[in-house]
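A quick write-up on the structure given underneath.
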Amino acid sequence: MLDIIRSSDTKAISKLLRARTATLAEAEAVVRPILEDIRRRGDRALLRYTKKFDRIDLAKTGFTVSREEIRNAYREVPRGFVGAVRVAATNIHKAARRQLPRPCSFSTSPGVSVGQIIRPLERVACYVPGGRFPLPSTVLMSVIPAQEAGVSEVIVTSPRPAPAVLVAADLLGVKNIYRLGGAQAVAAFAFGTESVPRVDKIVGPGNRYVAAAKKLVAGECGIDFIAGPSELVLVGGRGNAEWIASDLVAQAEHDPDAVAIFITPSLKLALQVQAAVRGIVTRLELPLAGQSLTAQGGIIVTGNMAEAAELVNRLAPEHLTLFEGATSLLGRVQSAGSIFLGSYSPVAAGDYASGTNHILPTSGAARLRGGLSAADFVKAISVQRLSARGLAGLEKAIVTLANTEGLKAHAFSVKCRFAIGA
């Protein structure tokens, strides 16, 4: 179910790396005509694709969820759900608030003041998948950072939104919840239609068609990143084998393409975790998680912890857990979407309620950026003010550089300010 691989087996390691890289080429070919059709025909095309793919007749249901549907949703969520959302939301708000860049102003030389002002985006769409499981946590993780950034209008969109999704969005004060999904939803919010407003940015996870659509509209509509299958790398030299195995199985139950990898220098612990994984999958009756672990999972036995650190940076995982015997590696980790330290920091804590964001880069993209944050919903706009003395002090450098580039008018725009009689 979960193969044990020696770190010296480069062929097996390469296979694990390939399993994390999902090509979007096929999906792009499918969604490209959908995007163009909605760009040209607006609502007519959107109605058609929603009926075809989601089996929803928007002409009858309306594009947005009604207040009556939301009131009914409160009756369908489990007891304690509202309280759980409020606990998680409080922590996510606290974390997001600290992520915002700050306005500033400072002097770089006498008479020259530079800095930045911070302005929020005006309207964003938060995509919540409508797959096998309801995902109210994705509502919290996408909506709250936007709210903390000061975004004027935050929209939630989800095909057939579950009651838990509706209640979570309502508790956060979201006014408009659209029943749109797939590539057609991405197109509608990227381009705007008669019934769907154009947004500045689309965020949130989705299947490969949603990911392909986000990639294709990124030139004219902001996106967070192109997310692939979820993944976890867990590193430990010692610890409770069942706890380690439970984290791996939890990761694998996301979807059949999820990736879960355990790296350890201890063959004894590797064998214990392998057995524990098999037991948990059987006990919790999670055959799909078992399939995922068989296809994309693995246990890598390294020679030492230094080698484990090198593998982590090569993998640049979405989630990284450093168990006992590995927390000291934190200073050597260069790339990871989100890091969990110690035995009592399961990924599920970050998925739901600790406050950090679970919308994270996958497939090695953690080499380039971290997870979604409030900073993704603002613009840092540079500001400068130069006095006559300040500009005079820079005149020679500016004119020399402008002339070197052959931009005479640039040079003149500075020199004319100091010409006699100016």
Side-chain angles (χ1 to χ4, degrees), residues 64-65 70 73-74 77 80-102 118-130 133-158 161-178 185 189 197 199-206 210 214 222-225 227 230 318-319 337-340 345 347-362 369-380:
T64 58
V65 175
I70 294 171
Y74 276 89
V77 295
F81 176 77
V82 170
V85 167
R86 286 177 174 153
V87 169
T90 296
N91 290 338
I92 298 165
H93 272 291
K94 288 178 182 178
R97 203 169 297 142
R98 300 293 293 269
Q99 296 166 341
L100 288 167
R102 305 295 179 187
I118 308 301
R119 296 292 184 265
L121 303 181
E122 292 184 13
R123 181 188 291 131
V124 301
C126 300
Y127 187 97
V128 180
F133 307 110
L135 295 174
S137 59
T138 298
V139 177
L140 303 178
M141 298 293 176
S142 56
V143 170
I144 290 174
Q147 291 176 331
E148 286 295 338
V151 175
S152 301
E153 185 179 358
V154 183
I155 294 166
V156 166
T157 186
S158 181
V165 167
L166 298 181
V167 171
D170 188 60
L171 288 170
L172 295 180
V174 175
K175 302 300 182 186
N176 291 311
I177 305 171
Y178 283 76
F189 286 105
V199 301
D200 299 315
K201 198 166 200 174
I202 301 169
V203 303
V210 171
K214 286 170 68 178
I223 65 169
D224 44 2
F225 36 75
S230 188
E318 177 190 17
H319 305 93
S338 189
I339 301 174
F340 301 79
S345 305
V347 171
D351 281 345
Y352 295 111
S354 64
T356 60
N357 208 293
H358 79 197
I359 300 175
L360 301 166
T362 64
R369 63 156 295 158
L372 189 72
S373 78
D376 285 295
F377 297 97
V378 298
K379 300 167 286 187

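The shown structure was predicted, so the numbers you read here are calculated from the model rather than taken from an experiment.
Within the 4.5 Å cutoff, the side chain of Ile202 has no heavy atoms near those of the Val124 side chain. Counting heavy atoms from C-beta outward, Val174 and Ile155 have side chains that stay 4.5 Å or more apart. Side chains of Asp376 and Pro145 form no contact here, defined as non-hydrogen atoms less than 4.5 Å apart. A heavy-atom distance below 4.5 Å is not found between the side chains of Thr362 and Phe225. Looking only at side-chain heavy atoms (C-beta outward), Asp170 and Tyr74 come within less than 4.5 Å of each other. Counting heavy atoms from C-beta on, the side chains of Phe377 and Val154 never come closer than 4.5 Å. Looking only at side-chain heavy atoms (C-beta outward), Leu372 and Met141 stay at 4.5 Å or farther from each other. Residues Glu153 and Asn176 meet the side-chain proximity criterion, which asks for heavy atoms closer than 4.5 Å.
Smallest separation of non-hydrogen atoms from Pro361 and Gly370: CD-O, 3.5 Å. Smallest separation of non-hydrogen atoms from Ala149 and Ala374: CB-O, 3.6 Å. Heavy-atom minimum distance, Ser354 versus Asn91: O-CB, 3.7 Å. In plain terms, the two heavy atoms of Gly355 and Ala95 that are nearest each other are O-CB, 3.1 Å. In terms of heavy atoms, Ala169 sits closest to Val156 at CB-CG2, 4.3 Å. Shortest non-hydrogen contact noted between Val165 and Pro136 is CG2-N, 4.0 Å.
A distance of 8.5 Å separates OG of Ser338 from CG of Asn357, quoted to the nearest 0.5 Å. To the nearest 0.5 Å, atom CZ of residue Arg97 and atom CD1 of residue Ile92 are 12.0 Å apart. Atom CZ of residue Arg123 and atom CG of residue Asp200 lie 7.5 Å apart, to the nearest 0.5 angstrom. Distance check, rounded to the nearest 0.5 Å: CD of Gln99 to NZ of Lys94 gives 14.5 Å. To the nearest 0.5 Å, the span separating OG1 on Thr356 from CD1 on Ile339 amounts to 11.0 Å. For the atom pair Ser230 OG and His319 NE2, the distance stands at 5.0 Å (nearest 0.5 Å).
Between Phe189 and Tyr127, the ring center distance fails the sub-6.0 Å criterion.
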Dump the intermediate steps for side chain to side chain contact (heavy atoms under 4.5 Å, CB included) on His358 and Thr138, then the final yes or no. CA-CA 8 Å; His358 79 197; Thr138 298; 3.3 Å; yes
Assess whether side chain to side chain contact (heavy atoms under 4.5 Å, CB included) is satisfied between Val167 and Val82, documenting all intermediate values. CA-CA 8 Å; Val167 171; Val82 170; 4.3 Å; yes
Might you work through the side chain to side chain contact (heavy atoms under 4.5 Å, CB included) test for Ile70 and Ile177, ending with a clear yes or no? CA-CA 10 Å; Ile70 294 171; Ile177 305 171; 4.1 Å; yes
Just do the side chain to side chain contact (heavy atoms under 4.5 Å, CB included) check on Ile118 and Lys379 with the steps written out, would you? CA-CA 6 Å; Ile118 308 301; Lys379 300 167 286 187; over 6 Å; no
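Remark: side-chain polar atoms of Glu318 are not paired, donor with acceptor, to backbone N or O of Ala227 under 3.5 angstrom.
For the pair Arg369 and Asp224, the salt-bridge criterion is not met [side-chain N within less than 4.0 Å of a carboxylate O].
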